[in-house]
Every structure is written in structure tokens, then in C-alpha cells.
Number of protein chains: 2
Amino acid sequence: MLLVEPVSGGTGGGRRCTSVSATIEDVARAAQVSVATVSRALRGLPNVAPSTRERVVAVASRMDYVADPTASRLAGGRRMVLGLVVPMLGQWYYAKLFSGVEAVATVAGYDVLPFTTSGPGGSERFVRTLPFRKRVDGLILADAPFDAQQFAAVAATGVPIVSLGSFTPGVWGIAVDNAAAARLAVGHLTGLGHTRIALIGGIPDDPFRFSVPVDRFHGYQDALEAAGLSYDPALVVPGNFSAEGGAEAMHKLLAAPTPPTAVFACSDEMAIGAIQVARDAGLDVPRDLSVIGIDDHDISAYVGLTTIRQDVTGQGERVAQLLLEHLEDRDDVQVEDVHEAHPTRLVVRRTTGPPPDRASHPRV
Amino acid sequence: MLLVEPVSGGTGGGRRCTSVSATIEDVARAAQVSVATVSRALRGLPNVAPSTRERVVAVASRMDYVADPTASRLAGGRRMVLGLVVPMLGQWYYAKLFSGVEAVATVAGYDVLPFTTSGPGGSERFVRTLPFRKRVDGLILADAPFDAQQFAAVAATGVPIVSLGSFTPGVWGIAVDNAAAARLAVGHLTGLGHTRIALIGGIPDDPFRFSVPVDRFHGYQDALEAAGLSYDPALVVPGNFSAEGGAEAMHKLLAAPTPPTAVFACSDEMAIGAIQVARDAGLDVPRDLSVIGIDDHDISAYVGLTTIRQDVTGQGERVAQLLLEHLEDRDDVQVEDVHEAHPTRLVVRRTTGPPPDRASHPRV
DNA sequence: ACCCTGTGTGGAAGCGCTTGCAGGCGGCGC
DNA sequence: GCGCCGCCTGCAAGCGCTTCCACACAGGGT
């Protein structure tokens with residue numbers, strides 16, 4: 001009886017009438033124990049007699065009781081929220097990432113709160129308002145487009161941080177070896193005999209903030225050098241990590257006096273955009289032009305795109321675990337940063353082949 | 001002075017040392033007013049003298065004060081969280097949706113908490129545990145795979161609900177007119193002269209729970225009938241809403257005694273999977289086979305896919321607004337449900353054309 | 001028999017806010 | 001010139017939990 005207390009507040013007025021559900025106090029009363037015991041019993045803490053625990057659990061489940069996370073958080077001092085800072089939601093890569101992070105966080109009882117840095121105000125706004133303050137226990141910085149000063153401002157909040165996509169000294173993180181991935185891609189092309197290999201890269205304006213494309217650029221240069229090829233700046237164009245940007249980039253490349261015979265795009269979406277433009281221009285891919293991407297986007301297999309595969313969801317899961325571990329070990333003096341490299345793999349499909357001049361066999 | 005109170009708890013021990021930031025009390029002391037006044041001043045409530053407000057705001061900003069949302073929520077009785085129930089994160093459609101919802105919710109000061117129903121335990125687990133209880137102010141049900149009883153269980157929690165993707169009596173919601181979209185797609189194909197038109201649809205096992213594919217199926221039948229064509233069950237296969245499923249479906253269709261000359265896939269991803277299989281089988285798209293999808297996925301333009309366009313991000317924004325409005329108007333007796341239809345549009349690209357037998361002109 | 005330990009439990013003080021209520025103060029109407 | 005009404009402001013009671021502490025009690029050593 002008495003599920004709804006007539007006492008309590010005392011306001012009669014227009015108090016928003018959400019269907020009142022049981023509080024810990026209701027459970028305590030029904031189970032004839034104190035609220036402290038209910039709290040301990042339900043959370044599996046020690047020092048509760050088995051019989052008591054059993055009774056409390058039974059009563060709680062009968063009453064459909066669930067603890068109010070808001071109250072737990074306030075009292076417990078832990079927000080049970082992981083912040084995920086990404087340039088944007090809604091893009092394949094970040095959606096997959098979110099999905100991985102969310103899966104791990106949920107199991108551990110954490111919520112995931114996304115923050116985007118490419119919306120209105122961009123990363124400036126983010127750094128100025130630091131919107132995660134008092135809202136998260138830890139932060140995952142994914143491809144954070146911050147310079148050193150901005151990064152320091154974020155770190156100065158004292159919120160534990162892990163990073164994804166690039167490594168920062170003093171910050172745990174995971175990333176694929178972007179230079180190696182690029183070498184793999186370009187190496188595949190040089191191995192096929194290509195000598196004019198273009199790069200469709202990142203965002204034109206802030207080359208120093210977003211390290212992924214610059215690492216890939218370095219890998220591209222390395223692979224060129226390893227193959228004895230010279231680097232031609234005219235073959236490097238930004239692609240903005242979208243299909244549209246990849247298409248624009250390809251237009252530029254095609255307009256050059258001597259167009260490339262192969263293109264390495266820093267994402268599959270850009271590669272797909274580039275292929276489209278090439279085909280529209282009457283080129284046959286891969287006979288006239290080879291294209292390779294990075295990611296292995298869900299649909300890359302279905303457009304036959306040769307690419308460098310990375311497991312984005314897996315990275316999301318792993319970086320979430322890393323943050324969780326980090327939150328546990330706050331007190332321990334950590335001797336060494338954890339900088340974990342994730343593997344990539346070449347997946348050869350049907351958009352790469354030998355360059356046109358030596359095309360003796362039809363295709364790979 | 002005295003930013004960090006030496007008094008308070010009294011525990012000397014290993015209290016987790018997060019960098020202590022200012023509380024409302026610190027601000028009140030510094031501004032020489034009560035915490036109540038600080039609260040009112042900072043939230044723009046009336047009945048605060050302009051001079052007082054100014055001073056409080058100045059002090060707060062100097063101290064880098066931000067209110068702790070956890071405490072506000074507990075005290076205010078509103079969680080400031082919108083739940084978004086989706087089958088999964090990480091798929092294009094739901095990522096876009098999330099992105100739209102998040103944008104609107106953020107502006108209104110709400111967080112978005114995703115719940116997935118196709119993870120471990122699926123929707124059964126969701127309905128059994130009702131994990132959103134005490135965590136959200138309202139719920140967006142996107143393509144919720146619930147039967148009437150499950151839906152009732154969710155509604156019985158008293159949490160305000162809006163739906164997306166299909167309409168339920170008594171529940172505000174938005175959706176595209178899926179039957180109309182399907183008619184548009186199939187009408188395009190019949191208009192081109194096709195008479196054997198296949199449908200690659202939804203999930204094989206629960207046809208009654210997820211209304212989107214069944215609505216599209218009805219639209220498909222309607223369009224067939226309108227064109228005077230008979231319905232052939234052999235031409236309807238499930239595709240699971242993934243590129244992989246679309247590919248499998250196409251395999252089945254191709255194995256039939258008389259394969260279709262056109263395919264309507266209920267998503268672009270399935271369409272792309274289907275096209276791949278058709279081309280592998282030596283068919284030319286669109287000469288030998290026309291394929292049309294639904295969505296206008298980001299990359300559809302770049303694979304030349306003809307499709308029915310819908311604005312998913314816009315739907316996310318709109319459904320979030322709707323929920324927000326709904327939360328405002330709880331008390332008002334709402335005469336009529338809000339059931340809002342969102343537009344779709346045919347986008348003709350290069351995967352549809354006249355059927356092979358009457359292919360006089362090369363392509364559209 | 002005694003003290004000491006360990007286990008189980010309840011009381012109560014918060015966590016950092018919001019908000020109902022009461023009270024002080026000045027200005028206006030009559 | 002007095003009362004009344006508003007406007008500001010502060011007090012204090014929560015919101016529903018967690019956790020520190022005190023305490024009661026049972027059992028083992030010496």
C-alpha cells in the first residue's frame with residue numbers, strides 16, 4: 001500500500017504530473033530496511049546479509065524499481081557519462097565510431113554524450129565554452145582539430161582524455177598508423193607500375209590541426225621515394241573527406257597537363273566521388289585510371305573499390321575501453337603513455353590495375 | 001579567496017581528486033548574494049534587479065562557473081534528456097537521423113541518449129528493462145520494431161513519445177509516405193515500360209513489426225495495379241536493408257526462371273548491393289536491368305543511382321522539435337494527433353532506363 | 001569470563017542545484 | 001501621510017540517491 005506518498009512536498013498546484021514511480025525510500029519501507037541497505041543490496045556491495053539482499057531485490061523488482069541515475073550521479077560524484085568529441089555526427093566514419101563507443105560504454109553503465117566541433121562556431125566555440133565541463137567523467141577526442149593551445153585548454157579542465165586518430169604526448173590513445181596505411185596504398189600502386197600517382201587528401205584550410213591527412217601525406221611521400229619516384233605537388237589536392245570533395249579534386253587532377261594514372265584517396269567516399277568524375281570524363285577505371293581509398297566503407301565492397309581496410313567500430317570499442325581503464329587507474333602513476341596502433345590491411349578489388357601504357361592483361 | 005572550502009565533508013582519505021571547480025555557492029559568496037539569486041540571475045528568470053544580474057553574471061564568468069547539470073536535473077525534476085530509440089547506430093539512415101535530432105536537442109539544452117533495439121536481446125530486452133525510465137523526458141521511437149503489446153508497455157511508463165517512420169494512433173509522429181514513395185519509384189519503372197519489376201524489401205522474419213517495408217510493399221502493389229501489371233510473389237525478396245542483403249536478394253532474383261527487368265530496392269544500400277551482383281553476372285545496368293532505390297544516400301549521386309530522395313537529417317530535426325513541443329504542451333488537451341508527412345522526390349540518375357526489349361534509345 | 005575483531009544495519013549528512021514562501025523595501029494612490 | 005502592492009531578495013526545504021560513521025551483535029582467541 002501507500003505507493004504514492006500523500007505527504008512529501010506539500011505543493012498542491014500544477015506540479016508536472018509524471019507518473020510517479022517508486023523511489024528508494026518506497027522500497028526501503030516495503031522491505032523494512034533502511035535506504036542505505038537498499039542502496040547497498042541493489043548495487044551488490046558487501047556487508048549485506050544474503051537473506052536481506054534477497055528480500056530487497058525481490059521487493060525492488062516487484063515494485064519495478066530502478067534507481068534514478070540523476071540522483072545516483074549527484075550523490076556518487078560520478079557522472080557516468082563519456083564524452084565523445086567528433087567533427088560531426090552523420091558521417092560514416094564517426095557513426096561507426098560512435099556505435100563502437102556506445103556499445104562498450106553501455107555495458108559499463110556509462111552514457112555517451114557526443115560533441116561536434118564542426119557545427120556553428122566550430123572548435124573555437126568548443127574550446128571557449130568547454131561544454132563538457134561537469135557533464136562527463138572522461139573525454140574521447142576523435143580526430144580533434146585542436147592546436148596545442150586549444151588542446152591544453154581542454155586538458156586544463158582536468159577531465160581525463162583519451163585520443164583517437166593521432167597520438168599526443170601524455171595522452172593515452174589509439175590510432176591506425178596512417179603513414180603506414182598510406183604507404184600500403186601507394187605501394188600497391190607503384191607495385192602495379194604506376195609512376196604518376198595523385199593524392200586526394202584532407203581539408204585545405206587547416207593542414208596542421210587534423211593530423212590524419214598529413215600523416216597519410218607523409219606516407220604517400222615515403223612510398224613515392226621508396227619506389228624511386230619524385231614528388232609532384234601538382235598531384236596533391238584536397239578532398240575534404242566527402243564524395244563531393246573527391247569529385248572536385250578529380251576534376252582538378254583531370255584538368256592538369258599530364259593527369260595521373262592512379263589516385264590514392266584518403267577516404268573511400270572521396271575515392272568514390274573521384275571514380276565517378278573519371279568515368280564521366282570517359283576514363284575506364286581501372287584500365288585508364290586506378291583508384292584506391294582508405295576505410296573499407298560498408299559499400300566499398302559493392303562498388304568494387306580497392307582500399308585499405310580499418311576496423312572503425314573496433315577502434316571505437318577499444319578507445320572506450322581505454323578511457324574506462326584510464327578512469328579506473330587515475331591514482332596510479334602511469335609510467336608510460338598507452339599509444340596503441342590499430343592494424344590496416346590492403347583489400348584489392350576492381351578499381352586498381354596496371355597503368356594504361358603497360359596494360360597487357362585486362363585486369364587484376 | 002577561499003575558492004576551495006576547507007570545511008565540507010571532513011573526509012581526509014583518498015577522495016577522488018577531480019580539479020574542484022566553482023559551485024553556485026562560491027559564486028554567491030563572491031557576488032555577495034544568495035545562491036537562489038545566482039540561480040535566478042544566471043537562468044534569466046524575472047525578478048532579479050538588472051544591476052544584481054549584471055554583477056552575478058560577471059562574477060560567474062570570471063570564475064568560469066557553469067552549473068552542474070546533474071544537480072539542476074535533480075532539483076528541477078527535468079532530466080533534459082531526449083531518448084532516441086533506433087534499431088542500430090552506425091547505419092547511414094540512423095546516423096543521419098541522430099545527427100538531426102542532436103542538432104535540435106542541443107540548441108534546446110537537451111542531451112540525446114540513444115537506445116538500440118537490435119543489439120543483444122533486441123527489442124524484447126528493451127521492452128523488458130525499459131532502460132529509459134528515469135533517464136529521459138521524452139522518447140523518439142524511430143522505426144520501432146514493437147508490436148502493439150510492446151508499444152503499450154513502453155507507453156505505460158508515461159514517458160512522452162513521438163514516433164518516426166510510421167504513425168500510431170494517439171502518438172504524435174512524422175514519417176514519409178512510404179506507400180507513395182514506393183508508388184513513385186515503381187511508377188517510374190512502369191513509365192519506362194517495365195513489366196517485370198522486382199521488389200527488394202525488408203527483414204524476412206518480422207514483417208509485421210517494422211512497418212516501413214510493408215508500406216513500401218503496398219505502394220509497390222498499388223503501382224503495379226495502376227499500370228495494369230499483375231503481382232508476382234516470386235519477384236519479392238527480402239534484403240535486410242544492407243548492401244549485403246541486397247546482393248543476396250539479387251542473386252535469388254537472377255536465379256529465377258524469368259528474371260525481372262527492373263528492381264525497386266527499399267534502400268539505396270540494397271540497391272547498390274543488387275547492382276553489383278547484376279554487373280558481376282554480366283548484366284549492364286541500366287541496359288539489361290534497371291535499379292531504383294530509396295533514400296538518396298550520400299554516395300548515391302556518385303554511383304549514379306536513381307532513387308527516391310528523402311531528407312533524413314531534416315526528419316530528425318523535425319521529430320526532435322515535435323517532441324520538444326509535446327513536452328511543453330503536456331497539460332493542454334490535444335484534440336488531434338500530429339501526424340506529419342514528409343516529402344519524397346524522384347531523382348533520376350543512371351541506373352534506370354527502358355527495358356531491354358524496347359531499348360531503342362541508349363539511356364535517359 | 002574478557003577483549004577484540006568482523007559483519008550487518010541504520011542514521012544522517014551531504015551532492016549542487018531549484019523553488020515555494022516570507023519578508024523588506026520603495027513608490028503609488030487616495 | 002498612510003496603506004497597499006510589487007519588486008527583489010534570502011531562507012530553507014527539498015530532489016533521490018551515496019556513503020561515512022556509529023553501533024549492535026556474534027564469535028573466536030587468550
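Note on naming: letters A, B, ... go to the chains in the order of the sequence lines (proteins, then strands), and numbering restarts at 1 for each one.
Candidate nucleotides C/dA12, D/dC8, C/dC17 were compared by shortest atom distance to the side chain of A/Ala36, and C/dA12 ranks first. The side chain of A/Ala75 approaches C/dC15 more closely than any other nucleotide in the set D/dT9, C/dT19, C/dC15.
Taking 4.0 angstrom as the limit, B/Lys134 places a side-chain polar atom (N or O) nearer than this to OP1 or OP2 of D/dC17. Regarding contacts with the backbone of D/dG16, every side-chain N or O of B/Arg73 stays at 4.0 angstrom or more from both OP1 and OP2. Look at A/Ser34 and you won't find any side-chain N or O under 4.0 angstrom from OP1 or OP2 of C/dG11. At the phosphate of C/dT19, OP1 or OP2 sits under 4.0 Å from a side-chain N or O atom of B/Arg43. Here B/Thr23 does not reach the OP1 or OP2 of C/dG16: none of its side-chain N or O atoms lies under 4.0 Å away. When the side-chain nitrogen and oxygen atoms of A/Thr37 are compared with OP1 and OP2 of C/dG10, one or more of them lie within a distance under 4.0 Å. Phosphate contact (OP1/OP2 of C/dC17, side-chain N/O of B/Ser39, threshold under 4.0 Å): absent. Note on B/Tyr65: every side-chain N or O is 4.0 Å or more away from OP1 and OP2 of C/dG16.
Comparing B/Ala67 and A/Arg55, the nucleotide of DNA chain C nearest to each residue sits closer to the 5' end for A/Arg55. Where B/Pro50 and B/Gly76 meet DNA chain D, the nucleotide closest to each residue was compared, and B/Pro50 sits on the side nearer the 5' end.
Looking only at atom types and distance, the side chain of A/Gln315 has no donor-acceptor partner in the side chain of A/Arg318 under 3.5 Å away. B/Arg133 and A/Tyr65 share no donor-acceptor pair across their side chains, judged by distance under 3.5 Å alone.
The aromatic rings of A/Phe126 and A/Phe115 stand perpendicular to each other, their planes meeting at an angle above 60°, with 30° marking the opposite boundary.
Looking at heavy-atom distances under 4.0 Å, A/Thr70 makes no contact with the nucleic acid at all. Residue-level contact check: B/Asn47 touches the bases, meaning some heavy atom is under 4.0 Å from a base atom.
Remark: C1' of D/dC15 and CG of B/Asp68 are 13 Å apart, rounded to the nearest angstrom. Atom CD in B/Gln32 sits about 20 Å away from atom P in D/dC8, given to the nearest Å. Atom CZ in B/Arg29 sits roughly 13 Å away from atom C1' in C/dG16 (whole-Å rounding). A/Ile24 has its CD1 atom 14 Å from the C1' atom of D/dC15, to the nearest Å. Per the geometry, CG belonging to B/Leu74 stands 9 Å off P belonging to D/dC17, to the nearest Å.
Evaluation of atom-type donor-acceptor distances gives a pair under 3.5 Å for the side chain of A/Arg40 against the base of C/dG10.
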